[in-house]
Chemist: 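Pasting in a structure now, in C-alpha cells, and then I'll have a few things to ask.
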Amino acid sequence: MDRFVVTGGVPLKGSIAVSGAKNSALPALAASLLTEEPVVLHGIPRVRDIATMVSLLGSTGARTQVEGGTVRIEAARITQPEAPYELVKTMRASSLVLGPLVARHGRARVSMPGGCAIGARPINLHVHGLEQLGAEVTQSHGYIEAAAPDGMRGAVVHFDRITVTGTEDLLMAAVLAKGETVLVNAAREPEVTDLADLLTRMGARIEGAGSSTIRVVGVDRLYGTEHRIIPDRIEAGTFLIAGAITGGDLLLTECRPEHLTALTVKLRQAGVEVTVEGSSRMRVRSGGRLRSVDMTTEEHPGFPTDLQAQYMALMTQADGISLITETIFENRFMHASELMRMGANIRIEGRQAIVAGPRELSGAQVMSSDLRASASLVLAAMVAKGETIIDRVYHIDRGYERIEEKLAGVGGNILRVREGRE
Ligand code: EPZ
C-alpha cells in the first residue's frame with residue numbers, strides 16, 4: 001500500500017489546474033448505458049473510482065475506450081445487466097447503473113453496497129423511486145433485482161430526504177419512462193445539473209435540474225453525444241484550504257467559482273483572502289492569523305459534507321473555538337482522532353466537533369480511513385512541524401488525481417512511497 005511522506009511548514013505558492021469532477025463523471029458514465037450509440041466524455045479525472053466504473057460498464061457488455069481524460073462508451077448491447085458484489089464493495093456509486101439498466105434493458109441485478117466508513121448509506125430511496133416508476137424490485141442474497149420488462153411509467157417521486165445519487169439514478173430511469181415524471185425534493189448539486197445537461201444532449205426532455213423539483217418527459221430512445229465534465233468543486237475546495245492552512249498564495253485554474261460560494265464565505269469570515277478571477281480562476285491568499293468560524297454541512301448550495309474534514313483541519317489553526325456540525329452522514333469524523341494524534345484540540349459530541357485553536361500540529365504516522373479524511377490529513381501534514389507519514393493513500397487515489405504531484409508543483413514537500421502491492 002502506498003504512503004505519503006510529508007514535511008510541513010512550506011507556504012504553497014503557484015497555480016494548480018483543477019481536474020474534472022469524479023462525482024459528475026460517475027453518473028455521466030452510467031448514463032452512457034441509456035443508448036446504443038457511442039457517448040464520448042471529456043475531462044474525466046484519472047482516479048480509481050473512474051477505473052472501477054469503466055470496468056463495471058465493460059462487464060455489462062458495453063465497449064469502453066479510455067484515452068487520457070477522454071472516455072468513449074458504446075453500449076450497443078447489454079449482455080450482463082449486473083453490478084457484482086466484488087465491484088460494488090469497492091465503490092458504492094456502482095448503484096448508479098441501477099436506473100439506466102432497468103430503463104434501457106428492462107432489468108438489473110445490483111449488489112447492495114453495504115455500509116462504508118462514513119455511514120450505513122442505504123439505497124432505499126433509489127429502490128422506492130424505481131418502484132414508483134413501476135419497476136418490480138426484490139432483494140435477495142445481498143442483491144437488488146429490479147425489473148420493468150414493459151418499460152417504466154412516469155410518476156411523482158418524492159424523496160424522503162435529499163439524495164445526490166438517488167436523484168441521479170431516478171433521473172436516468174425517468175428519461176425513458178412513458179409519460180411525465182416529477183422528482184420532488186431532488187438534490188441540487190452541480191453534478192446533478194451536469195448529468196441533466198448530458199442527458200438533454202442525448203435527447204432527453206428535462207426541466208428544473210439544479211432546483212428541488214425536476215420534471216422529465218420520457219422519450220422513446222436516446223442518442224450518442226460528446227460532453228465535457230464540470231470541474232471538481234471538492235478538489236478545488238481542498239486546494240483553497242491548502243493555500244489557506246499553509247499561509248500561501250495559490251491560483252486555481254479551470255475551476256467554477258460559483259460552485260464554491262459556501263466555502264468562500266467561510267474562508268473570508270476566517271480572514272482568508274479569496275478572489276474570483278473571471279469564470280474559471282480563483283486565488284487564495286493567507287498570511288495572517290485565522291479566525292475560528294462555525295460551520296454546518298448541508299446539501300448544496302450549503303457547505304458540502306465532502307469539505308468538512310478539510311475545513312476541520314483548517315480550524316485547528318484558527319483562533320478560538322469553532323463548532324463543526326455534520327448533518328449528512330452519521331459517522332464522518334474519523335479524521336478527528338488522527339488530527340488529535342498530530343496535536344489538534346478537538347472534542348466530538350455526536351454530530352458536532354468542537355475545535356479549539358490555534359494548536360501547533362506535529363508530524364506523526366497517521367492512517368487514512370476514507371477519501372476526504374485522507375485529504376484532511378494531507379492538509380494537516382502540510383502545516384505540521386516535522387514529518388508525517390500517511391498510510392493507505394489508496395483512499396485518496398479514489399478521488400484525487402495525482403494530488404501529491406499537484407501539491408509538490410506549488411512547493412509542497414510531499415512524496416509518494418510505493419509500499420509493495422496495494
Ligand atoms: C454523494 O453520495 C457523493 N458521491 C458523496 O461523495 C457525497 O458525500 C454525498 O453525495 C453527499 O453530498 C457521489 O456523488 C458518487 P446521498 P450519495 O445519497 O449520493 C442517506 C465523496 O467523497 N440516504 O446524497 O451516496 C445517506 O445515508 C463521496 O466523493 C438514505 O438514507 O449520498 C446519507 O445520510 C462521499 N437512503 C444522506 O442520505 C438512500 O437511498 C445523503 O446521501 C440514499 C441516501
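Just so you know, these numbers use all the heavy atoms, side chains as well, and skip hydrogens, waters and symmetry mates.
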Chemist: Identify whether the distance between the nearest side-chain nitrogen and carboxylate oxygen of D306 and R332 falls below 4.0 Å.
Modeler: yes

Chemist: May I ask you to decide whether E191 forms a salt bridge with R233, counting only side-chain N to carboxylate O separations under 4.0 Å?
Modeler: yes

Chemist: Which atom names give the shortest non-hydrogen contact between L125 and L170, and what distance separates them?
Modeler: O-CD2, 4.3 Å

Chemist: Any side-chain heavy atom of V5 sitting closer than 4.5 Å to one from E387?
Modeler: yes

Chemist: List the steps, then state whether side chain to side chain contact (heavy atoms under 4.5 Å, CB included) holds for V71 with T64.
Modeler: CA-CA 7 Å; V71 179; T64 68; 5.5 Å; no

Chemist: Q310 versus R372: any side-chain heavy-atom pair under 4.5 Å?
Modeler: yes

Chemist: Does the distance from a Lys or Arg side-chain N to an Asp or Glu carboxylate O, for K406 and E235, drop under 4.0 Å?
Modeler: yes

Chemist: Tell me if a side-chain donor or acceptor on R104 pairs with a main-chain N or O of T35 at a distance below 3.5 Å.
Modeler: yes

Chemist: Pick from R416, R48, R402: which one makes a salt bridge (charged side-chain N to carboxylate O under 4.0 Å, His left out) with D397?
Modeler: R416

Chemist: Rounded to the nearest 0.5 Å, what separates atom CG in L57 from atom CD in E74?
Modeler: 13.0 Å

Chemist: Less than 3.5 Å apart, any donor N or O on the side chain of E254 or S280 sitting next to an acceptor on the other?
Modeler: no

Chemist: Considering only heavy atoms from C-beta outward, does the side chain of F159 approach that of V184 to under 4.5 Å?
Modeler: no

Chemist: Nearest 0.5 angstrom please: N185 CG to H158 NE2, how far?
Modeler: 5.0 Å

Chemist: Of the non-hydrogen atoms in A242 and L407, which two are nearest, and what is the gap between them?
Modeler: CB-CD2, 4.4 Å

Chemist: Please determine if D319 and R291 form a salt bridge, counting it only when a charged side-chain N lies under 4.0 Å from a carboxylate O.
Modeler: no

Chemist: Answer whether the closest heavy-atom distance between the side chains of M172 and L98 falls below 4.5 Å.
Modeler: no

Chemist: When you measure from the side chain of S368 to the backbone N and O of D391, does any donor-acceptor pair fall under 3.5 Å?
Modeler: yes

Chemist: Measuring only between side-chain heavy atoms, which start at C-beta, is V97 closer than 4.5 Å to V110?
Modeler: yes

Chemist: Under a 4.5 Å cut-off applied to non-hydrogen side-chain atoms, are L371 and Y400 in contact?
Modeler: yes

Chemist: Taking C-beta and beyond as the side chain, do L130 and M152 meet within less than 4.5 Å on heavy atoms?
Modeler: yes

Chemist: Any sub-3.5 Å donor-acceptor pair from R92's side-chain atoms to R121's backbone N or O?
Modeler: yes

Chemist: More than 12 heavy atoms of other residues, nucleotides or ligands under 6.0 Å from CZ of R289: yes or no?
Modeler: no

Chemist: Under 6.0 Å from the ring centre and within 45 degrees of the ring axis: does the NZ or CZ of R109 meet both conditions for the six-membered ring of Y143?
Modeler: yes

Chemist: Using side chain to side chain contact (heavy atoms under 4.5 Å, CB included), reason through T316 and I346 one step at a time and then give a plain yes or no.
Modeler: CA-CA 8 Å; T316 67; I346 303 168; 4.3 Å; yes

Chemist: So does R215 pair up with E207, basic N to acidic O under 4.0 Å?
Modeler: no

Chemist: Under 3.5 Å, is there a donor-acceptor pair between the side chain of R3 and the main chain of I389?
Modeler: no

Chemist: Quick check against the 3.5 Å criterion: does T7 have a side-chain atom that pairs as donor or acceptor with the backbone of N413?
Modeler: no

Chemist: For residues 333-342, run the donor-acceptor check on the side chains, cut-off 3.5 Å, and write out each pair with its distance to 0.1 Å, sequence neighbours left out.
Modeler:
| from | atom 1 | to | atom 2 | distance (Å) |
| --- | --- | --- | --- | --- |
| H335 | NE2 | Q308 | OE1 | 2.9 |
| S337 | OG | M334 | O | 3.0 |
| E338 | OE1 | R341 | NH1 | 3.1 |
| E338 | OE1 | M367 | N | 3.0 |
| R341 | NH1 | Q365 | O | 2.6 |
| R341 | NH2 | Q365 | O | 3.0 |

Chemist: Would you say the side-chain atoms of H395 and S374 include a donor-acceptor pair closer than 3.5 Å?
Modeler: no

Chemist: Does D294 offer a backbone N or O that forms a donor-acceptor pair with the side chain of K266 under 3.5 Å?
Modeler: yes

Chemist: Are V383 and L314 close enough that some pair of their side-chain heavy atoms sits under 4.5 Å apart?
Modeler: no

Chemist: Take atom CZ in R72; do more than 12 heavy atoms of anything else shown fall under 6.0 Å from it?
Modeler: yes

Chemist: Would you find more than 12 non-hydrogen atoms of other residues, nucleotides or ligands less than 6.0 Å from E67 atom CD?
Modeler: no

Chemist: Under a 3.5 Å threshold, yes or no: a donor from one side chain and an acceptor from the other, between Q80 and S59?
Modeler: no

Chemist: Minimum heavy-atom separation for L56 to P84, with atom names?
Modeler: CD1-CD, 4.1 Å

Chemist: I need the minimum non-hydrogen distance between S286 and A244, along with the two atoms involved.
Modeler: OG-O, 3.4 Å

Chemist: Between T297 and E326, is any side-chain donor less than 3.5 angstrom from a side-chain acceptor?
Modeler: yes

Chemist: When rounded to the nearest 0.5 angstrom, what distance separates CD1 in I245 from CG in L290?
Modeler: 8.0 Å

Chemist: Identify whether the distance between the nearest side-chain nitrogen and carboxylate oxygen of D249 and R283 falls below 4.0 Å.
Modeler: yes

Chemist: Any idea which heavy atoms bring R359 and A344 closest together, and the distance?
Modeler: CB-CA, 4.4 Å

Chemist: Ignoring hydrogens and angles, tell me if any N or O in the side chain of T70 forms a donor-acceptor pair with the backbone of V40 under 3.5 Å.
Modeler: no

Chemist: Nearest 0.5 Å please: distance from the OH atom of Y311 over to the CG atom of L379.
Modeler: 13.5 Å

Chemist: Can you find a side-chain donor-acceptor pair between R201 and H227 that sits under 3.5 Å?
Modeler: yes

Chemist: For H300, does its backbone N or O pair with a side-chain atom of E189 as donor and acceptor, under 3.5 Å?
Modeler: yes

Chemist: Between M112 and Q139, does the side chain to side chain contact (heavy atoms under 4.5 Å, CB included) criterion hold? Intermediate values first, please.
Modeler: CA-CA 9 Å; M112 284 196 267; Q139 304 190 10; 3.4 Å; yes

Chemist: With sequence neighbours left out, write down each residue that passes side chain to side chain contact (heavy atoms under 4.5 Å, CB included) with P11, or none if nothing qualifies.
Modeler: K13

Chemist: Could R46 and E401 be called an ion pair, given the rule that one side-chain N must be under 4.0 Å from one carboxylate O?
Modeler: yes

Chemist: Between CD1 of I206 and CG of L199, what distance do you get to the nearest 0.5 Å?
Modeler: 4.5 Å

Chemist: Checking the side chain of S24 only, and the main-chain atoms of D194 only, is there a donor and an acceptor separated by less than 3.5 Å?
Modeler: no

Chemist: Spell out, as yes or no, whether a donor-acceptor pair under 3.5 Å connects the side chain of D169 to the backbone of G99.
Modeler: yes

Chemist: Of all heavy-atom pairs between C255 and V18, which one has the smallest distance, and what is that distance?
Modeler: CB-CG2, 3.9 Å

Chemist: Apply side chain to side chain contact (heavy atoms under 4.5 Å, CB included) to the pair V417 and D2, showing each step before the final yes or no.
Modeler: CA-CA 6 Å; V417 175; D2 289 5; over 6 Å; no

Chemist: Apply the test side-chain hydrogen bond (donor to acceptor under 3.5 Å, both in side chains) to residues Q352 and T325: give CA-CA distance (whole Å), side-chain angles for both, the deciding distance (0.1 Å), then the verdict.
Modeler: CA-CA 4 Å; Q352 293 194 315; T325 308; 3.1 Å; yes

Chemist: Say you draw a straight line from CD1 of I230 to CG of N23; how long is it, rounded to the nearest 0.5 Å?
Modeler: 9.5 Å

